[in-house]
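Okay, so here's the structure we're looking at.
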Amino acid sequence: MSILIVLQQIAPLFIIMFIGLFVGHLYKSNQVITQFLSWLSISVFLPASLIKSFSAPMTPQMLQEGSILILAGAVTLIFTFFLSFLIVRLLKLKIPSSNIVYFSLMFSNFGFVGVGIISSVYGDLGLFYMTMYVLVMRFAYNSFGTAVMQRGVNDKDRLTFRQIFLNPPIIALVVGLFIMTFQIRFPAPVKASIDSLAACLSPVGMLTVGMLTANFPLKAFFSNARVYVLVFLRLLGIPLLVTFVMWLIGFRGMMLTVSALTLALPAAANCCLLAERYNGDVMLGTQIVTITNTFSVITMPLVVAFAERLAS
């Protein structure tokens, strides 16, 4: 049943991405539009999604399990960093292409895609587990990830240390932790507004990815063999290996399956959105995001089936 729900949840995102592709072909000069949509997604919709994900009621058992998942997520992040370092050396990539490798292998699309899929497949408890598992990743995603994607940018265009660590997503993370710790409940109109903004994240993000894809020849997406190494690692290599190791050390049940599905998500859409924002390797970033989204329809159910078999 979970596999069918995964397919049902990701199919609309593909449709939206192809709508963006169509719109991008109609309006070739769309750089201003895509940059604005990228800013809107990162600065408004993503913070709303983060605050929403921290608003679930807590129990002592959930907090204990959440603490374990936070540690597991931190270890996973360290592993993917060193794996990215190795891949960059093996493929002999330079800045800004190497920036894309680090970002795409370290961060799955737990922002644009993950919230919707996890909550649909595993409900509010699954969303809480995912929130805890990616907590350290989220901090790294919006600080270290941004810094990595800026490598090679002219000094005048680089964000300052303060801007990196005091940006809307990081502020939303701190607010979310405060909300979770003190179990704060918003008035109904405020909650409805946050939910509505959070719901915009996935469709606007995927629409933007589709529009960015339209800027490049279709043939170019399938002619770079190195891309498929990154796609394999993002969709199968990292999820299967980390899931197996987590099972070996004692993870079971939903804690294991939610972590597996989180890792099996496509590459983060910010991989090309930030590349667009900082004039990086937009081509490589868009290739990875587009191809991982395309093949994840096949690979995510496989990873979920593997994890559920181990978890039972």
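Start at 1 with the first residue, then count along the sequence.
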Let's go through Phe79 and Val242 carefully: what are the C-alpha distance in whole Å and the side-chain angles of both, what is the deciding distance for side chain to side chain contact (heavy atoms under 4.5 Å, CB included) to 0.1 Å, and is it a yes or a no? CA-CA 9 Å; Phe79 164 71; Val242 173; 4.1 Å; yes
Apply the test side chain to side chain contact (heavy atoms under 4.5 Å, CB included) to residues Ile179 and Val175: give CA-CA distance (whole Å), side-chain angles for both, the deciding distance (0.1 Å), then the verdict. CA-CA 6 Å; Ile179 291 169; Val175 172; 3.7 Å; yes
Would you sort out whether Tyr102 and Phe107 count as a side chain to side chain contact (heavy atoms under 4.5 Å, CB included), showing the intermediate values? CA-CA 8 Å; Tyr102 280 101; Phe107 307 113; over 6 Å; no
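Proximity of the aromatic rings of Phe110 and Tyr141 is defined here by a centroid distance below 6.0 angstrom, and this criterion is met. Residues Tyr228 and Phe232 keep their aromatic ring centres 6.0 Å or farther apart.
Distance alone, capped at 3.5 Å, is enough to place a donor-acceptor pair between the Arg234 side chain and the Leu105 backbone. When atom types are taken as modelled, the side chain of Gln183 and the backbone of Met180 share a donor-acceptor pair closer than 3.5 angstrom. For the pair Ser49 (side chain) and Phe45 (backbone), a donor-acceptor distance under 3.5 Å is absent.
Across Thr262, Thr80, Leu77, a single residue satisfies side chain to side chain contact (heavy atoms under 4.5 Å, CB included) together with Met137, and that is Leu77. Applying side chain to side chain contact (heavy atoms under 4.5 Å, CB included) to Val227 and the options Ile291, Thr290, Ile100, Thr292 leaves one that passes, Ile291. Of the residues Leu256, Leu261, Thr257, Leu69, the one that meets the side chain to side chain contact (heavy atoms under 4.5 Å, CB included) test with Tyr129 is Leu69.
Looking at Val258 and Tyr133, their side chains never come closer than 4.5 Å, going by heavy atoms from C-beta outward.
Scanning both residues, Val304 and Tyr122, for their nearest heavy atoms gives CG1-OH, 4.1 Å. Closest approach of Ile194 and Ala48 over heavy atoms only: CG2-O, 3.5 Å. Among all heavy-atom pairs drawn from Cys271 and Ser104, the shortest one is SG-CB, 3.9 Å. In plain terms, the two heavy atoms of Ala268 and Ser108 that are nearest each other are CB-O, 3.6 Å. The shortest non-hydrogen separation linking Leu46 to Arg138 is CD1-NH1, 4.4 Å. Taking all atoms of both residues into account, the shortest heavy-atom contact from Leu233 to Pro239 is O-CD, 3.7 Å.
With hydrophobic clusters built from ILVMFWY side chains whose heavy atoms lie under 4.5 angstrom apart, Leu241 shares a cluster with Met246. Residue Phe244 is grouped with residue Val303 when hydrophobic side chains (ILVMFWY) are merged at heavy-atom distances under 4.5 angstrom, including chains of intermediate members. Both Val148 and Ile87 sit in one connected hydrophobic cluster of ILVMFWY residues. Membership requires side-chain heavy atoms under 4.5 Å apart, directly or through other members. Connection of Phe178 to Phe128 is not established within any shared hydrophobic cluster, with ILVMFWY side chains joined at heavy-atom distances below 4.5 Å, either directly or through further cluster members. Under the 4.5 Å side-chain heavy-atom criterion for ILVMFWY residues, no single connected hydrophobic cluster contains both Ile171 and Leu197.
Applying the side-chain contact (heavy atoms from CB on, under 4.5 Å) criterion to Thr131, with sequence neighbours excluded, gives Ser53, Phe54, Leu127.
The CG atom of Leu40 lies 8.5 Å from the OG1 atom of Thr208; values are rounded to the nearest 0.5 Å. Taken to the nearest 0.5 Å, the CG atom of Leu125 stands 10.0 Å off from the CE atom of Met255. Note that CE of Met254 and CD of Glu308 are 10.0 Å apart. Values are rounded to the nearest 0.5 Å.
Using modelled atom types, one finds a donor on one side chain and an acceptor on the other under 3.5 Å when comparing Ser98 with Arg151.
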